[in-house]
Structures are given as structure tokens and as C-alpha cells.
Amino acid sequence: MASPFRQDIYRIVRTVPAGRVTTYGDVAAVAGSPRAARQVGYAMAALPEGTDVPWHRVINAQGMISHRGDVARPMEQLQRLEDEGVAFDGGGRCDLDRLRWRFAEFLEAADED
DNA sequence: TTGTTGACTCCCG
DNA sequence: CCGGGAGCCAACA
């Protein structure tokens, strides 16, 4: 079982709906550590293949798909995102301002209920 | 306990 | 716009 911190990260990532994306920094911020973006990425790397966590919806602050340096693996992430309706430009970037999942609004809406 | 490392992010030139 | 360097927090040996 992963550490509580990672579990929290996974739970947050699960709240991201299809067609939306989020950044490592945002997830870290919601998790309580805005500076732990690297930990978020590290947690993603620790995910198993059959995970229910939409890790592919987590990208970096530049709106680009990140990975250690490989090229084949992020391909699957890109494909999944495009399949969900997330468009990427020639530079491999997406419109973060438009597609970024608003955790704050989501949490507020849940709180208003 | 200390030191290293990493799917990151921000700042500076 | 791009490259390089420092800061960050948490996991691991």
C-alpha cells in the first residue's frame, strides 16, 4: 500500500474528469504541499498498470506531457488525452487555461451542497 | 539520522 | 523563446 501522501494524491487525481487535465503543482497544492509537485510525479511513476487513477490527465505546468526522457510511453498518455477531447498543438502543448481542472471550484461546489 | 534523487516549478540572463 | 541553476518536499537506502 502506498503512503498516505500518495493515496491522497491518487484520490485527488481521480476527481479529474475526462476531457480535463491538471498539473503536478495543482495536485500537490490540493494535497496540502504546493511545492511537492515532484512528489506528485513520483507518485504517478509508482502507479501500477491497472490503476484506476487517470494519471494521463496529469501534466506539467507548461501544459505539456512530461516524462523522464523516454518518448514511447508519453505517446499513450497523449493518445488517451486526445481520445478524451484534449487538443495539443504542434509543440505538444494544450490550452491549460481552458482545460485545467479547477479543483477550487470543484471543492467549493461540493462544499455548497 | 543523513544524504541522494526525482513524470516539477520558478527565476534569471 | 530557450537554456541553465536553485528550491522544494517526500520517499528510500
Side-chain angles (χ1 to χ4, degrees):
Chain A
M1 206 51 185
S3 299
F5 197 79
R6 284 186 177 174
Q7 293 183 35
D8 202 16
I9 299 267
Y10 299 150
R11 179 183 300 181
I12 293 166
V13 174
R14 286 199 198 95
T15 67
V16 181
R20 294 282 183 172
V21 296
T22 187
T23 67
Y24 300 97
D26 278 9
V27 175
V30 177
S33 300
R35 307 302 175 195
R38 304 172 67 165
Q39 270 353 284
V40 177
Y42 198 66
M44 295 298 101
L47 281 170
E49 297 182 15
T51 180
D52 57 341
V53 179
W55 56 270
H56 54 273
R57 294 177 193 144
V58 184
I59 56 181
N60 61 24
Q62 299 179 0
M64 302 169 61
I65 296 174
S66 293
H67 202 254
R68 298 182 187 175
D70 293 330
V71 177
R73 283 196 258 186
M75 211 62 176
E76 181 182 351
Q77 182 171 5
L78 176 62
Q79 184 123 30
R80 289 197 182 199
L81 288 175
E82 287 183 337
D83 185 53
E84 292 181 351
V86 179
F88 286 82
D89 61 14
R93 297 190 303 189
C94 70
D95 193 341
L96 259 187
D97 290 335
R98 195 166 60 91
L99 298 175
R100 164 142 68 157
W101 179 237
R102 316 271 186 175
F103 284 110
E105 294 180 3
F106 176 75
L107 295 175
E108 282 185 14
D111 185 52
E112 282 190 25
D113 175 45

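Lettering of chains follows the sequences in order, A, B, ..., and the numbering in each one begins at 1.
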J.: Quick one: A/I9 CD1 to C/dC8 C1', roughly how many Å, whole number?
T.: 14 Å

J.: Over all strands shown, is A/A45 touching base, sugar-phosphate only, or nothing at heavy-atom distances under 4.0 angstrom?
T.: base

J.: Contact class for A/S33 (heavy atom, under 4.0 Å): base, sugar-phosphate, or nothing?
T.: sugar-phosphate

J.: Quick check for you: among C/dG7, C/dC9, B/dT9, whose closest atom lies nearest to any side-chain atom of A/T23?
T.: B/dT9

J.: Nearest to the A/A37 side chain among C/dC8, B/dT9, B/dA7, which nucleotide is it?
T.: B/dT9

J.: Check this for me: does the side-chain of A/R38 come within 3.5 Å of the base of C/dC9 through a donor and an acceptor?
T.: no

J.: Between A/M64 (CE) and C/dC1 (P), how many Å, whole number?
T.: 12 Å

J.: Out of C/dA11, B/dC8, B/dT9, which nucleotide sits closest to the side chain of A/Y42?
T.: C/dA11

J.: Would you mind reading off the distance between A/Y24 atom OH and C/dA10 atom C1', rounded to a whole angstrom?
T.: 16 Å

J.: Which nucleotide in the list B/dA7, B/dC8, C/dA11 gets nearest to the side chain of A/N60?
T.: B/dC8

J.: Of the non-hydrogen atoms in A/A43 and A/I9, which two are nearest, and what is the gap between them?
T.: CB-CG2, 4.3 Å

J.: Other residues, nucleotides and ligands only: do more than 12 of their heavy atoms fall within 6.0 Å of CZ on A/R98?
T.: no

J.: Can you tell me which nucleotide in C/dC8, C/dA11, B/dA7 comes closest to the side chain of A/S3?
T.: C/dA11

J.: Looking at every strand, decide which applies to A/F5 at a 4.0 Å heavy-atom threshold: base, sugar-phosphate, or nothing.
T.: sugar-phosphate

J.: Nearest-Å distance, CE (A/M44) to P (C/dA11)?
T.: 13 Å

J.: Compute whether any side-chain donor of one residue and acceptor of the other, for A/H56 and A/E84, lie under 3.5 angstrom apart.
T.: yes

J.: Heavy atoms under 4.0 Å, any strand shown: does A/Q62 hit a base, just sugar-phosphate, or nothing?
T.: nothing

J.: How long is the gap from CE on A/M64 to CG on A/L78, to the nearest 0.5 Å?
T.: 11.0 Å

J.: What is the distance, rounded to the nearest whole Å, between atom CG of A/L47 and atom P of B/dA7?
T.: 14 Å

J.: Can you see which heavy atom on A/T22 is nearest to which on A/V27, and at what distance?
T.: CG2-CG2, 3.7 Å

J.: Take the protein atom CZ of A/R35 and the nucleotide atom C1' of C/dC8, then report the distance between them rounded to whole Å.
T.: 8 Å

J.: Could you check how far OH of A/Y10 sits from C1' of C/dA10, rounded to whole Å?
T.: 12 Å

J.: Can you tell me the distance, in whole Å, between the CG atom of A/D8 and the P atom of C/dA11?
T.: 11 Å

J.: Of A/R93 and A/A36, whose closest DNA chain C nucleotide lies nearer the 5' terminus?
T.: A/R93

